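Note that these values count all heavy atoms, side chains included, but never hydrogens, waters or copies made by symmetry. Read the numbers this way: they start at 1 and go in the same order the structure lists the ligands and their atoms. Owing to the predicted nature of the structure, the values given are computational and were not obtained by experimental measurement.
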Amino acid sequence: MATNRTFTMIKPDATGAGHTGKIIDRIIANGFSIKAMKWTKLSLADAQAFYGVHAERPFFGELTEYMSSGPIVAAILEKENAVSDFRELIGATNPADAKPGTIRADFAESIAANAVHGSDSDENAAIEGSFHFSEREWA
Ligand code: ATP
Ligand code: MG
């Protein structure tokens with residue numbers, strides 16, 4: 001089913017480096033509206049559950065420890081073609097490969113500490129949004 005929503009997290013490297021406001025500005029300036037947002041954190045168990053799809057990948061331990069190492073900002077965003085347009089805005093997973101002007105090119109530190117998450121499908125956007133928010137938190 002088509003939807004116009006995606007889910008994002010500003011990751012611990014970016015919150016820790018003071019990039020949160022600039023990243024939110026960039027998201028809004030590119031036409032996304034915020035449906036829900038919170039400053040929060042993931043426990044190691046939360047990160048393992050959230051990234052369960054990557055459990056067999058060699059970087060799973062590094063990823064889950066990193067994602068639970070500091071605060072994050074979780075948000076549900078709305079725009080036409082939200083999932084694909086947001087992936088375009090954040091750029092490639094490895095900031096060294098991300099196009100100039102993308103959020104990862106400008107704010108990410110490394111392939112692991114890459115500033116932001118963006119859902120990769122409408123289905124995962126719904127699952128990931130529900131992980132962090134109940135429907136009564138949406139505005
Ligand atoms: P995200 O799901 O966070 O938006 P992505 O879809 O671009 O990122 P995935 O393949 O889903 O990339 O990987 C999830 C996350 O795992 C990456 O964002 C990154 O933080 C981490 N990661 C991916 N590949 C590596 C790697 N080779 N080494 C370390 N960490 C990695
Ligand atoms: Mg992904």
**OP:** If you have a sec, work out which protein heavy atom is nearest atom 15 (C) of ligand 1 and how many Å separate them, to one decimal?
**Re:** Leu63 CD1, 3.8 Å
**OP:** Evaluate the ring planes of Phe7 and Phe50, with Trp represented by its six-membered ring, and classify them as parallel (under 30°), tilted (30 to 60°) or perpendicular (over 60°).
**Re:** tilted
Subject >> Residue that, paired with Arg5, satisfies salt bridge (charged side-chain N to carboxylate O under 4.0 Å, His left out) out of Glu123, Glu78, Glu128 >> reply: Glu78
Original post:
Strictly under 4.0 Å, does any heavy atom of Asp120 approach an atom of ligand 1?
Top reply: no
Subject >> side-chain contact (heavy atoms from CB on, under 4.5 Å) between Leu77 and Lys35, worked out >> reply: CA-CA 6 Å; Leu77 306 174; Lys35 303 302 292 178; over 6 Å; no
Subject >> Under 3.5 Å side-chain donor-acceptor pair for Asn124 and Asp120 >> reply: yes
Subject >> Heavy-atom nearest neighbour in the protein, as seen from atom 5 (P) of ligand 1, with distance rounded to 0.1 Å >> reply: Thr93 OG1, 3.5 Å
**OP:** Please check if the distance between the ring centroids of Phe60 and Tyr51 is under 6.0 Å.
**Re:** no
**OP:** Indicate, with yes or no, if Leu89 and Val116 share a hydrophobic cluster defined by side-chain heavy-atom contacts under 4.5 Å among Ile, Leu, Val, Met, Phe, Trp and Tyr.
**Re:** yes
**OP:** Check whether the side chains of Asn114 and Lys11 place a donor and an acceptor atom closer than 3.5 Å, and report yes or no.
**Re:** yes
Original post:
Touching ligand 1 at all, Arg104? Heavy atoms, strictly under 4.0 Å?
Top reply: yes
Original post:
Within less than 4.0 angstrom of ligand 1, does Tyr51 place any heavy atom?
Top reply: yes
**OP:** Can you pull out the closest protein heavy atom to atom 14 (C) of ligand 1? Residue, atom name and distance to 0.1 Å, please.
**Re:** His54 NE2, 3.6 Å
**OP:** Please report the closest heavy-atom contact between Glu109 and Pro95, naming both atoms and the distance.
**Re:** C-CG, 4.3 Å
Original post:
So which of Ile10, Ile90, Asn30 actually passes side-chain contact (heavy atoms from CB on, under 4.5 Å) with Ile103?
Top reply: Ile90
**OP:** Give the residue, atom name and distance (to 0.1 Å) of the protein heavy atom nearest atom 25 (C) of ligand 1.
**Re:** Phe59 CD2, 3.5 Å
Original post:
Hey, is Met9 one of the residues with a heavy atom under 4.0 angstrom from ligand 1?
Top reply: no
Original post:
At a 4.0 Å threshold, what atoms of ligand 1 neighbour a non-hydrogen atom of Lys11?
Top reply: 3 (O), 17 (C), 18 (O), 20 (O)
Subject >> same_hphob_cluster(Trp39, Ile34) at 4.5 Å side-chain heavy-atom cutoff >> reply: yes
**OP:** Decide whether Ser43 and Asp46 meet the rule of one side-chain donor and one side-chain acceptor closer than 3.5 Å.
**Re:** yes
**OP:** Output yes when the distance from some N or O of ligand 1 to some N or O of Glu62 is under 3.5 Å, and no in every other case.
**Re:** no
Original post:
Taking only heavy atoms of Asn114, which atoms of ligand 1 are found under 4.0 Å from at least one of them?
Top reply: 17 (C), 18 (O), 19 (C), 20 (O)
Original post:
Does any N/O atom on Gly118 come nearer than 3.5 Å to any N/O atom on ligand 1?
Top reply: yes
Original post:
Which heavy atom of the protein is the closest neighbour of atom 1 (P) of ligand 1, given with residue, atom name and distance?
Top reply: His117 ND1, 3.1 Å
**OP:** Tell me which protein heavy atom sits closest to atom 10 (O) of ligand 1, plus the residue, atom name and distance to 0.1 Å.
**Re:** Arg57 NH2, 3.7 Å
Subject >> Any Met67 heavy atom less than 4.0 Å to ligand 1 >> reply: no
Subject >> Top protein contact for atom 20 (O) of ligand 1, by heavy-atom distance >> reply: Ala112 O, 2.9 Å
Original post:
In terms of residue, atom name and distance, what is the protein heavy atom nearest to atom 19 (C) of ligand 1?
Top reply: Ile111 O, 3.1 Å
